[in-house]
Amino acid sequence: TNAQGAKHTIVTVVKLSGIAWFNRMEEGVKQYAKETGNNATQVGPATADAALQVQMIEDLIARGVNAVTVVPNSPEALEPVLQKALSRNIVVVGHEASSLKNVTYDVEAFNNAAYGEHLMEAMAKGMGGKGEYAVFVGHLTAKTHNEWVDAAMTLQKSKYPDMKLVTSKIESNENQQTAYQKTKELLRTYPNLKGIQGSAGEDVVGAALAVEEAGLTGKVTIVGTSLVSVSGPYLESGEISMISFWDPAKAGIVMNKVAAMALEGKKVEDGMDLGVEGYNKVKLDGKVIYGQAWVDVTKDNMKDYNF
Amino acid sequence: MTSGPMRVLSSPQGVVTITAFAFALILALSNPTFFSTATLVDLARNSLVTGIFAIGVVMVLASGGIDVSFTAIGAFAMYATIKLLTAYGINIPIAGIFGIGALIGAALGLINGLLVGGLGLPTLIVTLGTLSLFRGALLTFLGTVYITTVPREIITFSRTVLVRVENAAGQIVSLPFSYLVLVGVALLAAILMNGTMFGRKIYAIGGSEEAATRIGINVRRVKVMIYVISGAIAGLAGITQVTLARMANPFDLVGMELNVIAAVVLGGARITGGHGTIAGTLIGVFVITMINTSLLMAGVPSYWQKVVVGILIVLGTGLPIAIDRYVRHRERLARPLSA
Amino acid sequence: MTSGPMRVLSSPQGVVTITAFAFALILALSNPTFFSTATLVDLARNSLVTGIFAIGVVMVLASGGIDVSFTAIGAFAMYATIKLLTAYGINIPIAGIFGIGALIGAALGLINGLLVGGLGLPTLIVTLGTLSLFRGALLTFLGTVYITTVPREIITFSRTVLVRVENAAGQIVSLPFSYLVLVGVALLAAILMNGTMFGRKIYAIGGSEEAATRIGINVRRVKVMIYVISGAIAGLAGITQVTLARMANPFDLVGMELNVIAAVVLGGARITGGHGTIAGTLIGVFVITMINTSLLMAGVPSYWQKVVVGILIVLGTGLPIAIDRYVRHRERLARPLSA
Amino acid sequence: MSSLTLEMRNIRKAYGPVRVLEDVGLSLVPGEVRCLAGENGSGKSTLIKILSGVVEADAGEVRMGGKPLASHPDAAIAAGLSVIYQDFSLFPNLTVSENITFLRSVASGEKLFHPFTRRKLAGEVIRRIGVNLNLDQPVELLPVASKQLVAIARALANDARVIVMDEPTTALTRSEVASLVRIIRALKQSGVAFIFVSHKMEEVFEICDSVTVLRDGRVVAEGPASVFDHNRLVESMTGRTIEGQRLHREAAPQAPAFLSVRNLARRGEYAAIDFDLFPGEIVSIVGLLGSGRTELALTLAGGLTPDSGETIIEGKPVRFATIQDAMEAGIAYLPEDRLTEGLFLSQPIRENIVVSSLTKDAKAGWLSRIGMTTRARHAVQNLRIKAPRVDAPVATLSGGNQQRVALARWMERNPRLMILNGPTVGVDVGSKREIHELLVGLSRAGMAVLVVTDDIGEAITLSDRISVMVRGSITATFDGENVDEETLSAEVIREDVR
Ligand SMILES: Nc1ncnc2c1ncn2[C@@H]1O[C@H](COP(=O)(O)OP(=O)(O)OP(=O)(O)O)[C@@H](O)[C@H]1O
Ligand SMILES: Nc1ncnc2c1ncn2[C@@H]1O[C@H](COP(=O)(O)OP(=O)(O)OP(=O)(O)O)[C@@H](O)[C@H]1O
Ligand SMILES: [Mg+2]
Ligand SMILES: [Mg+2]
């Protein structure tokens with residue numbers, strides 16, 4: 001509905017406002033706004049609740065924004081409201097939600113299976129390719145987390161037969177103390193545990209604390225998705241072997257860029273360079289845009305990241 | 001006697017309503033599109049599930065009990081109904097679906113009722129227990145996956161709208177047909193509470209259980225019935241939720257207990273029992289919903305919502321009491337000194 | 001009179017304790033390593049924060065009130081303290097840090113106290129309001145980012161252990177020094193409640209507020225003090241949390257309200273006021289923690305935990321009442337037929 | 001003037017438009033026992049609450065020992081005032097011993113709690129009153145009479161200079177009243193002054209030195225007890241003369257028994273109970289507290305189930321499982337403790353009156369509000385309930401008027417048998433007479449009435465037949481026309497001694 005050249009109003013709706021991850025994403029959104037002059041902002045609910053996101057998007061629709069980019073807590077829960085948005089010619093760009101149907105595009109930093117396998121490789125390396133391990137997901141319903149660990153477990157079965165998963169996926173509720181308590185229980189129940197793969201940013205931190213307290217530093221390999229600002233102390237002291245993430249700021253910029261392109265009637269194509277590091281040669285699969293944007297951080301390069 | 005405005009202000013509903021209006025005015029100032037049918041319709045739509053739950057809760061509060069398990073009942077009824085229908089590929093009219101939901105809700109409510117009314121256990125503890133129990137049973141026995149392919153009837157129903165308004169920006173705002181569920185439940189509950197013996201018995205029990213027993217009210221039976229009814233209402237809320245979301249999410253609803261109770265208490269019910277009206281409850285729900293969903297429109301950062309909700313809850317209950325004191329004080333001073 | 005086992009079973013604590021033992025036995029059967037010092041130490045450590053909160057809550061319940069804002073107070077005190085210390089790079093001994101946390105908690109508790117005691121507002125509504133208010137204020141004004149670089153004092157303190165046990169597998173299990181906070185708070189609270197007039201006044205107010213006023217108890221002042229004290233305790237819980245987590249997460253703690261209240265009520269307190277002991281509360285906390293954190297060992301899927309917790313809550317309160325009835329009935333029948 | 005222990009001057013109090021006290025004055029010298037007399041709702045309890053600082057007066061002054069007293073309970077207590085409230089004001093969750101000593105601990109400003117010292121003190125007080133109470137039992141488990149004893153003990157445990165007793169004897173048996181009188185006499189000697197409120201005339205003349213009579217919130221008579229006699233006191237209270245004699249009545253017409261019980265027994269409570277209740281007849285059961293009369297009454301009303309024996313209504317054996325069963329059979333029961341067992345205190349008078357007879361206003365389950373209000377207004381007029389409006393909460397009525405609301409509620413049901421447990425407890429002489437007349441009228445209209453009471457005078461005034469119940473058995477039955485008080489109380493007391 002906007003005339004060409006007019007400034008777009010693009011709002012990014014995140015899972016949860018205020019946490020380090022999405023604060024970093026907001027930096028990207030702000031940077032994008034500054035560079036392009038578009039009216040790009042970020043909002044998010046105070047609790048990671050799908051219903052609150054639905055309400056927020058309803059409000060955005062009522063406000064008549066041009067585009068919504070969204071990191072859903074529960075992709076399925078958002079479908080109806082996103083459909084409503086699309087029906088009003090609002091551009092919708094998703095992130096961490098490759099299953100979303102009612103989107104213009106979905107931006108993924110990488111292919112989830114590849115990322116999960118990558119984490120498994122790192123853990124297997126730390127464990128010397130054998131021993132017992134466990135996996136955490138933030139919520140049993142979190143699709144991305146499940147894709148990561150599912151791919152990881154599949155890879156382990158075929159490539160590392162000497163490794164053994166001790167119990168089904170453990171839910172941390174994205175809460176550090178829960179991850180801590182569950183790790184304690186794991187260590188008690190499976191004293192030979194040698195590896196832990198985390199999914200939510202808090203998982204590795206909770207696990208690391210439990211491992212440190214149990215005096216098992218160096219004996220248990222912990223890898224997972226997290227941020228330096230959250231897990232830095234444990235990277236440094238050695239409980240956590242490696243963390244990976246994609247830079248949420250970059251994801252924020254890309255989402256906004258893609259949204260603006262859609263508003264201006266431009267198409268994203270396979271192999272395109274979106275002008276952001278890690279998204280220089282994107283892969284297009286239907287509406288889903290994959291980058292190669294994961295970042296590995298160990299004790300050695302942690303100084304380079306301040307978020 | 002108390003003057004008009006003072007009287008309005010000295011009831012919680014009064015304060016809440018006025019604060020809500022003031023608040024709406026501020027919103028309207030900061031965003032002129034606020035005062036529109038579209039906003040109103042949106043508000044009504046957003047208060048739907050909370051409203052249905054709240055009606056069940058106010059009945060329990062009026063009887064002197066408290067219920068925190070209703071969200072778990074709603075979620076259980078919702079998920080079980082959809083699972084049943086999809087598993088067997090049953091296709092029944094929407095009224096039947098609501099009926100099943102209400103039945104499941106009533107059955108779970110019966111458990112509460114038997115524990116509270118039959119065994120005479122304290123209501124908070126029972127419903128804390130069943131909140132955990134029902135939720136756990138749902139996730140353990142029924143499943144944890146979202147059911148996105150809900151029966152065709154539900155999709156059709158959720159597409160049926162009651163009111164369709166076009167707003168200034170040319171967007172369509174619609175009130176779903178399921179709004180009638182809230183209207184129906186509210187009407188029935190109001191009639192039940194004010195127009196039937198059963199309703200008066202509820203208030204009597206809330207006033208004094210011992211006294212109710214002494215005048216021959218079968219307190220146990222009434223209590224069991226209250227929880228069955230409020231369970232059925234929670235079940236209806238669950239089905240309403242599924243018609244809004246068009247999918248059954250077993251993790252849904254749970255967590256909104258305190259929010260609903262806050263709305264009910266803002267509407268004038270007391271946790272000590274014996275008080276509470278359906279109309280007041282609906283006002284409370286509307287206000288809470290307005291705050292929770294409209295601050296964003298005014299460009300208020302989202303955490304501010306909590307601050308505002310908190311202040312409003314305290315004001316809504318505190319102001320009437322403070323004003324009442326002040327009025328009495330003035331009245332006393334106004335009397336002639338000689339008798 | 002009631003026979004021994006019957007008497008144990010007819011108090012909620014009794015049932016809860018016995019059920020807990022039975023439960024532990026089942027766990028031990030399915031996993032022989034369960035009965036070990038390590039398990040016990042882990043349990044103690046996991047019940048730390050819940051335990052501290054619970055002591056504040058039982059004081060409020062004994063006075064006839066209810067508090068749901070304590071988690072928000074704890075989170076606020078925790079985050080504010082750490083932010084203060086890190087922002088100004090202040091380095092004070094750990095006791096000072098706990099002191100600041102307690103002070104901030106007490107200040108927030110004072111707000112509850114003034115609203116409840118001073119204005120005479122209903123406690124559930126006030127604390128529902130301040131739960132929202134404090135949390136909103138924390139996130140709006142203090143910040144939403146994790147603080148992972150907590151003061152050195154805290155890290156040192158959190159590495160200090162009280163007991164260190166090596167288990168069969170060569171893992172170290174340790175009880176953190178902060179366990180002494182729970183012990184200290186529990187001891188002080190027990191002395192306060194049973195050994196001082198202030199404590200007895202709390203029970204008196206919980207029994208009958210009107211009667212308390214009439215015998216010259218300054219009910220308002222006592223109430224204000226109760227909320228100040230329980231606020232301070234919540235503040236201590238917050239600081240304890242930060243020493244356990246080694247980081248300050250502003251989203252922490254909130255959400256565990258009902259869990260803590262369930263523990264307290266399992267421990268024998270009543271929401272109608274006048275009842276509740278520190279010892280009982282600690283038992284309740286221990287049981288709830290055991291269920292919440294030990295089922296994995298028995299290979300129980302995580303959602304089952306909720307089912308078990310729910311059943312235990314209902315059993316723990318229901319069984320004593322049922323048994324009490326049965327015993328009374330039998331006692332009467334045992335009397336001779338002639339009057 | 002300094003010899004005055006207590007002085008109240010020009011006290012005025014109104015609740016909204018209702019003037020409760022007008023220019024009331026009252027004084028006490030050390031060792032004086034002053035009776036505060038007046039009809040229900042005349043302002044006695046209010047005056048007491050003003051004295052004790054629970055309620056603030058609109059105007060006027062209270063002085064203790066010559067010094068003005070602040071309107072605060074702790075100020076009054078500190079100045080040496082102890083009050084036994086009409087509703088006891090005890091802590092149900094605390095033990096007997098803690099209840100008894102709490103006031104004293106608060107008054108002396110103790111900081112620490114000394115359970116053992118307290119228990120000892122409580123034991124002493126209990127022994128002084130000469131009653132037997134389990135010191136470690138929570139008060140909520142006690143019967144009404146024991147609660148009243150605890151309230152008395154609490155007032156005595158504090159070394160008070162003035163003790164106010166608002167109807168302290170309503171739930172006590174004769175022997176307990178006697179020991180209370182003994183204690184009052186003893187304390188008088190040491191200079192303690194009393195304000196004593198009671199509707200029982202014998203007690204007033206037995207105990208009191210002086211009398212202040214309130215009517216409609218004004219002092220209408222005052223002076224030493226010796227200048228009053230029964231008739232003069234009643235006349236100043238009510239403004240008219242009230243006869244004390246037995247009510248005249250026509251003989252009841254012959255009719256088959258409405259309810260009969262045969263060999264009814266409940267373990268530990270009563271046994272071998274046989275009697276018949278006829279329509280148009282008033283039967284009283286007199287007995288001491290703990291004699292099983294309340295349990296018997298409750299059994300007939302469906303509140304308890306007997307262990308053995310037979311209950312027959314109009315020739316058909318019945319078994320009541322619930323109060324509702326009994327209600328459906330046409331039985332109404334007015335409980336003895338209207339505060340905890342009868343009334344919905346925070347709800348309007350109207351709701352309280354119509355709540356047990358809602359079917360009257362209901363058509364197929366729907367209620368008519370107008371019908372309810374009309375009926376309530378009618379009842380308020382009929383029973384002369386002193387209330388501003390029918391939608392005022394019952395809590396704002398005086399004790400006696402609350403009792404009438406409870407009565408009104410049951411009359412609305414037009415029961416075939418009305419069982420009243422202490423129907424005039426806390427009711428002033430004038431109203432008592434009116435209630436008695438009402439009951440006689442109802443019974444002549446064909447209702448069977450069973451009255452449970454420990455007021456022998458009431459039984460004689462009212463009854464066609466009087467049964468004495470002792471330790472769970474009916475030991476004697478008298479004809480109401482031909483029995484005197486002495487014979488009856490001898491029967492009760494003789495058994496008591498045994
Ligand atoms: N809080 C109140 N609000 C309104 N009216 C009140 C209040 N308290 C007392 N009254 C009124 O004051 C009058 C005096 O009541 P009070 O309780 O002093 O009577 P009383 O002499 O003790 O009667 P009784 O013998 O029945 O106990 C009554 O008419 C009562 O309705
Ligand atoms: N809270 C109240 N609100 C309104 N009226 C009240 C209140 N309390 C007392 N009254 C009125 O004050 C009057 C005096 O009551 P009070 O309780 O002092 O009576 P009383 O002299 O103790 O009588 P009795 O002891 O025989 O019942 C009554 O008419 C009563 O209705
Ligand atoms: Mg009185
Ligand atoms: Mg009275």
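Chain A is the first sequence line, chain B the second, and so forth, proteins listed ahead of strands; every chain is numbered from 1. Bear in mind that the values here come from a model prediction, so they are computed numbers and not experimental data.
Considering all non-hydrogen atoms of both residues, C/Gly310 and B/Ser132 come closest at N-OG, 3.6 Å.
Contact annotation for C/Ile66: only side-chain heavy atoms (C-beta onward) come within less than 4.5 Å of a heavy atom of chain B. For C/Phe134, no part lies under 4.5 angstrom from a heavy atom of chain B.
Screening B/Val314, B/Asn259, B/Ile261 for a side chain to side chain contact (heavy atoms under 4.5 Å, CB included) with C/Leu128, the sole residue that qualifies is B/Ile261.
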